[in-house]
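The next block holds one structure in the form of structure tokens; read it before the comments.
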2 protein chains.
Amino acid sequence: MTLKNQQETASASTCPMLQFIDLIAGKWAIPILYRLIVMDRPVRFGELQRAVGTITQKELTRQLRAFEQRGLVRRTVYAEVPPRVEYQITALGSTLQQPLQQLAGWMERYGDQLNRSAS
Amino acid sequence: MTLKNQQETASASTCPMLQFIDLIAGKWAIPILYRLIVMDRPVRFGELQRAVGTITQKELTRQLRAFEQRGLVRRTVYAEVPPRVEYQITALGSTLQQPLQQLAGWMERYGDQLNRSAS
DNA sequence: CTGAATCCCTGTTGATACTG
DNA sequence: CAGTATCAACAGGGATTCAG
């Protein structure tokens, strides 16, 4: 399916794009997935938090749980002291690498042309 | 730049992905741009609202103004009665077609594998 | 001490009007 | 028709508290 040739035919609810939105909408979904894909190994909560940047614990927890439920991230809890929880991108989650890379590529090529006055 | 070979080196603030987030974060940015790219002609406010789906007037107005400021959308006001305002994707905005199509493509290929229990 | 849940606050987004 | 105003709901940040 191409973007053209859809015109008025495709209603909003049938558009796959809108399914995608629920996944990546929000401030932190993409950065988290991005880091997990790049790291590509089990990562502890604290390490991931530092890697992502300034995200709060609450928000990171919420997002990771959402990804886990959707099968994009695997969560492993170790019954240790101190407690250790590791997160790793799944095979399904890794397939997001290409699309996300395209987004980053667009920003590199055209980001300079964006008027930033609005920010 | 590839996603690999960055590892821990790229801080969150230097990542072009995070610049992109400000553009497309939120529930409606991508659907709106998507429709404008698909239509690829001047579109009236009401028509665009119907095309996007269930978006409210307030939100559509806000997003369109933001896109206009960034140079992704051109807004033309006609001093008529009834008032007519037309929106059209710019050349810069159209360059988003490929990345957005990638996102739609991913959803088509892998969307079925997502656990939807969370929604 | 790490991961996470809870309370409180703020800014954004949604719903439903109403105005030019 | 296009946009605004008002109010309600939610997302997200900061700090604190809790469990293991």
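Below, chains carry the letters A, B, ... as their sequence lines are ordered, and counting in each starts from 1. What you see below is based on every heavy atom in this structure, not just the backbone, and it leaves out hydrogens, waters and symmetry mates.
Scanning for side chain to side chain contact (heavy atoms under 4.5 Å, CB included) contacts around A:V81 gives an empty result, with sequence neighbours left out. In terms of the side-chain hydrogen bond (donor to acceptor under 3.5 Å, both in side chains) criterion, residue partners of A:Y87 (sequence neighbours excluded) are, by chain and number, A:R75.
Atom pair A:R75:CZ and C:dG3:C1' shows a separation of 8 Å (rounding to whole Å applied).
In this structure, A:P82 and B:R50 both approach DNA chain D, and ranking their closest nucleotides by distance from the 5' end singles out B:R50.
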Starting from the C-alpha separation in whole Å, work towards a yes-or-no answer on side-chain contact (heavy atoms from CB on, under 4.5 Å) for B:E68 and B:L64.
CA-CA 6 Å; B:E68 185 191 10; B:L64 286 171; over 6 Å; no
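In summary, B:E47 and B:R35 do not engage in a salt bridge, as defined by a charged side-chain N under 4.0 Å from a carboxylate O.
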Once each nucleotide of nucleotides 10-20 of chain C is scored for protein heavy atoms under 4.0 Å, what B/S/- sequence comes out, 5' to 3'?
---BBB-B--B
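Residue-level contact check: B:V85 touches the backbone only, with heavy atoms under 4.0 Å from sugar-phosphate atoms and none from bases. Residue-level contact check: A:Y87 touches the backbone only, with heavy atoms under 4.0 Å from sugar-phosphate atoms and none from bases.
Atom CD of B:Q102 sits about 8.5 Å away from atom CG of A:L103, to the nearest 0.5 Å.
Here A:R65 reaches the OP1 or OP2 of C:dA4: one of its side-chain N or O atoms lies under 4.0 Å away.
In 5' to 3' order, the nucleotides of DNA chain D bounding all contacts with chain B (an atom under 4.0 Å from a heavy atom) are D:dC1 to D:dT6.
In this structure, A:E59 contributes its side chain and A:W28 its backbone to no donor-acceptor pair below 3.5 Å.
Here salt bridge (charged side-chain N to carboxylate O under 4.0 Å, His left out) pairs that include residues 92-107 of chain B, with residues two or more places apart or in two chains, number zero. Sorted by first and then second residue, the salt bridge (charged side-chain N to carboxylate O under 4.0 Å, His left out) pairs with a member in residues 82-102 of chain A read A:E80-A:R84, A:R84-A:E86; sequence neighbours excluded.
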